[in-house]
Trainee: 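Encoded as structure tokens, here's the structure I'll be asking about.
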Amino acid sequence: MKALTIAKYTFIEVLKSRIMYLSLFLGALVFVLSFVAREFTYGVPDRVTLDVGLGLISLTGAGLGVFFGINIVSKEIENRTLYMVLSRPVGRKSYFLGRVVGMSYVLILNMMIISAFTLLGYVTLKSNAFDSLIYWVIINSLIESLIILVVAVLFSLVTNMTMSAVYSIIVYVIGYSLGESMKLQYVENHPGLGVIINVANTVFPNFNRLNLKEYVLYNSGLDSIYLSMNVLYGLGYFVAILLLGLFVFNKKELV
Amino acid sequence: MIKFNKISKSFKSDFWGKSNLILNDVSFEIESGNIIGFLGANGAGKTTTLKILMDFIKQDSGEVVFSKELGDKRTEINRSIGYLPEHPYFYPDLSGREFLKFLIELNDIKFESVLREVDEWTKKLKIDHALNRKIRSYSKGMLQRIGFVAAIIHKPKILILDEPLSGVDPVGRSILKQAMRDLNKEGTTIFFSSHIVADLEEVCNRVIILEKGVVIYSGDKVELLEKHSSGNYKVTYRQEDGLSITKTVLSKDKDQLILNLVNNSASIESLILETPSLEDVVYNLKK
Ligand SMILES: Nc1ncnc2c1ncn2[C@@H]1O[C@H](COP(=O)(O)OP(=O)(O)OP(=O)(O)O)[C@@H](O)[C@H]1O
Ligand SMILES: [Mg+2]
């Protein structure tokens, strides 16, 4: 219950800051960029629009995830707000959950704004290639950004804000490159390396699993079981990191 | 009410650095009904002590014991506590009113049911005019005042304040001091830190002095000040030619001086017993 109050005020506080305008701006930028890209490439305009648009959604999602993530606790310590809240009858767990949930609302709202702009850009093409898979892509990008959010908050519990941002970006990059690296000829020839990569793959999020852009672009159908399994994987990873964060925050010295 | 039992705490400057002992076997007791001043120079360990008391950080050894009246579980105990951190800043984008509402709701109290108290206290602390403004626009003293209101509005049994007077102007300081005295009369125990002896003099009845992580005094205020006051008086008077002069005299000489001055038709403007500075007190205690 307390967690909900904290989530509510976290959301209100961000809403009242001007941060949300950033998303409107980013959304408009994605919209314009996908138009520009379409005009300057030969070939299939709707594919280019989608390619650029969906790619930018994933990127801005990760960026916002890092930004909101490092602000969840660090900013609160800096402002002493955390002390005011934790001096009330509020457990640390409720506090942490409330902050993460509140910030997740914020992130989801921002992602919806940006996605809406992208879809708008796409719809104006009146393309017939509009595929329900696009919604899955957006949902997956959202999950991806939520994972980055909790990864960033986890890092911010053990290091400063700048380093947390850097580490989270590294995780984002690794999350994309690990899956790909399995396909390399070199790795296939060195089974030992494959084992290491497999271990790393379970520790780091596998964002390739969540990225369905290619399927949309080439119109290849995916069955819903495969899609749901990926979403479950993403949510499972989110919850695991969230629980780890809870554990660390519970033990943390709030100096 | 709250007992600090042989608390020690050390900090590492960085991960590989060696650790410094910040609190060394700190023991004292906060007895119900008192206003206790927690005195110490910058870096003495006051804030660290309060953070341990609030369970924000863990001591290396020793224990903090809360009496039954405050509750058993930490969250229960927190219901009886009002706390103001040092240099508060808070949510810049919430208004003062929203901020108070948020904290009150965390105490499971409906904001609507304390509107009268909010009104009364914000007026008393002269912050009512800014309640609808974003906290971003608050000055340092205003933050301290709204923080004070937030700390007392749920009627805690004990108030724990970390340098509540710092950054507050003279008028504000006397308002805050009066507020502390009023609250104490209504039964609130108050424990607050400061590094200015004069602040304690006006409000506290008990004093705990921390010097480099060690408690060097814990007891009655009057006793402490009497023992360590130089006993000197500052006499300020105006001469016939309009010049204002301040002289420091020993206690035994003050009557004679005043008599002489009056006979010479000088006008006495003030007679003040000198308060010892923190340095004086600490220096004397360590002798
Ligand atoms: N997180 C920390 N890491 C390392 N050292 C710390 C940390 N926090 C406090 N210290 C050290 O502990 C000592 C006591 O600090 P503390 O903030 O408790 O002092 P204080 O009495 O509140 O001083 P002030 O009057 O300046 O507020 C200082 O020497 C400080 O450098
Ligand atoms: Mg301090």
Side-chain angles (χ1 to χ4, degrees), chain A residues 1-22 68 71-99 102-103 106 155 157-160 163 247-255, chain B residues 9 11-12 15 22 47-48 50-60 71 73-95 98-109 134-136 143-144 146-147 150-151 154 156 158-162:
Chain A
M1 266 324 282
K2 290 291 165 61
L4 286 183
T5 311
I6 288 165
K8 184 174 98 186
Y9 279 91
T10 300
F11 185 69
I12 293 178
E13 141 84 355
V14 181
L15 212 60
K16 291 203 159 197
S17 71
R18 303 275 149 82
I19 297 284
M20 296 298 246
Y21 289 128
L22 181 71
F68 290 130
N71 273 305
I72 287 179
V73 173
S74 310
K75 198 55 163 293
E76 290 268 287
I77 295 185
E78 207 174 278
N79 288 354
R80 313 286 194 290
T81 327
L82 169 136
Y83 299 127
M84 288 302 266
V85 173
L86 287 181
S87 69
R88 312 266 150 179
V90 176
R92 284 198 183 191
K93 291 198 184 89
S94 311
Y95 171 81
F96 188 76
L97 271 182
R99 287 291 294 170
M103 226 35 130
V106 173
F155 279 127
L157 295 178
V158 290
T159 182
N160 63 41
M163 289 321 289
F247 177 77
V248 174
F249 184 71
N250 220 15
K251 294 255 178 290
K252 187 176 160 62
E253 294 256 285
L254 301 171
V255 287
Chain B
K9 173 76 186 173
F11 276 125
K12 279 184 182 173
F15 193 76
I22 301 300
T47 300
T48 306
L50 295 188
K51 281 183 177 167
I52 289 173
L53 179 56
M54 294 307 297
D55 201 30
F56 299 147
I57 58 180
K58 281 263 173 301
Q59 64 273 27
D60 300 336
K73 275 176 54 196
R74 185 73 215 191
T75 42
E76 277 314 305
I77 291 171
N78 279 2
R79 242 175 248 289
S80 321
I81 293 180
Y83 172 72
L84 178 65
E86 139 183 84
H87 317 305
Y89 185 60
F90 313 137
Y91 294 106
D93 287 301
L94 291 186
S95 71
E98 285 165 327
F99 176 65
L100 290 178
K101 186 163 183 276
F102 172 42
L103 291 176
I104 272 290
E105 283 176 12
L106 289 180
N107 273 83
D108 304 304
I109 297 171
K134 278 193 178 188
I135 291 185
R136 185 185 297 287
L143 286 168
Q144 207 81 291
I146 192 102
H154 56 289
I158 174 164
L159 260 183
I160 295 167
L161 312 168
D162 200 350

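Sequence lines set the chain letters: A, B, ... in the order given, protein chains first and strands last, and positions in each chain run from 1. No experiment lies behind these values; they were computed from the predicted model shown.
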Trainee: Got a second to check how far A:T10's OG1 is from B:F102's CZ, nearest 0.5 Å?
Mentor: 6.5 Å
Trainee: Counting heavy-atom pairs under 4.5 Å to chain B, which of A:L82, A:V85, A:L15, A:V14 comes out on top?
Mentor: A:V85
Trainee: Which atoms of B:K51 come close to chain A, meaning under 4.5 Å heavy atom to heavy atom: side chain ones, backbone ones, both, or neither?
Mentor: side chain
Trainee: Quick check on A:I6 against chain B: is it the side chain, the backbone, both or neither that has a heavy atom closer than 4.5 Å?
Mentor: both
Trainee: Mind ranking B:F99, B:Y89, B:Y91, B:F90 by heavy-atom pairs under 4.5 Å with chain A and telling me who comes out on top?
Mentor: B:Y91
Trainee: Please classify the contact between B:P92 and chain A as side chain, backbone, both or neither, with a heavy-atom cut-off of under 4.5 Å.
Mentor: both
Trainee: Distance from A:K2 atom NZ to B:N107 atom CG, nearest 0.5 Å?
Mentor: 7.0 Å
Trainee: Between A:M84 and B:G147, which heavy-atom pair has the shortest distance, and what is it?
Mentor: CE-O, 4.0 Å
Trainee: Under a 4.0 Å threshold between the charged nitrogen and the carboxylate oxygen, would A:K16 count as salt-bridged to B:E98?
Mentor: yes
Trainee: For the residue pair B:E105 and A:Y9, establish whether any side-chain heavy-atom pair is separated by less than 4.5 Å.
Mentor: yes
Trainee: If you tally heavy-atom pairs under 4.5 Å against chain A, which of B:R74, B:K73, B:E86 wins?
Mentor: B:E86
Trainee: Enter the distance from A:I12:CD1 to B:L94:CG here, rounded to the nearest 0.5 Å.
Mentor: 7.0 Å
Trainee: Evaluate the side-chain proximity of B:T75 to A:V90: yes if any heavy-atom separation is below 4.5 Å, no if none is.
Mentor: no
Trainee: Nearest 0.5 Å, please: how far is CD1 in B:I135 from CG in A:N79?
Mentor: 10.0 Å
Trainee: Should A:R18 and B:D93 count as an ion pair when the cut-off is N to O under 4.0 Å?
Mentor: no
Trainee: With a 4.5 angstrom heavy-atom cut-off, is it the side chain or the backbone of B:A150 that approaches chain A, or both, or neither?
Mentor: both
Trainee: What part of B:H154 is in contact with chain A, defined as an atom under 4.5 angstrom from a non-hydrogen atom: side chain, backbone, both or neither?
Mentor: side chain
Trainee: Could you give the distance from CD (A:E78) to NE2 (B:H87), rounded to the nearest 0.5 Å?
Mentor: 13.5 Å
Trainee: Using 30° and 60° as the class boundaries, would you call the ring planes of A:Y83 and B:Y83 parallel, tilted or perpendicular?
Mentor: perpendicular
Trainee: Under 4.5 Å heavy-atom distance to chain B, tell me which part of A:K75 shows up: side chain, backbone, both or neither.
Mentor: neither
Trainee: Is any side-chain heavy atom of B:L106 closer than 4.5 Å to one of A:P89?
Mentor: no
Trainee: What do the steps show when you test B:M54 against A:L86 for side-chain contact (heavy atoms from CB on, under 4.5 Å), and what is the final call?
Mentor: CA-CA 8 Å; B:M54 294 307 297; A:L86 287 181; over 6 Å; no
Trainee: Among residues 92-99 of chain A, which residues come closer than 4.5 Å to chain B, judged by heavy atom distances?
Mentor: A:R92, A:R99
Trainee: Looking at A:E76, A:R80, A:K8, which one has more heavy-atom pairs under 4.5 Å with chain B than the rest?
Mentor: A:R80
Trainee: Any ion pair linking B:K9 and A:E253 (charged N to carboxylate O, less than 4.0 Å)?
Mentor: yes
Trainee: Rounded to the nearest 0.5 Å, what separation is found between the OG atom of A:S87 and the CZ atom of B:R79?
Mentor: 12.5 Å
Trainee: Can you check side-chain contact (heavy atoms from CB on, under 4.5 Å) on A:V255 and B:F56, steps first, answer last?
Mentor: CA-CA 7 Å; A:V255 287; B:F56 299 147; over 6 Å; no
Trainee: Has the side chain of B:N78 got a donor or acceptor atom that lies under 3.5 Å from a matching backbone atom of A:R88?
Mentor: yes
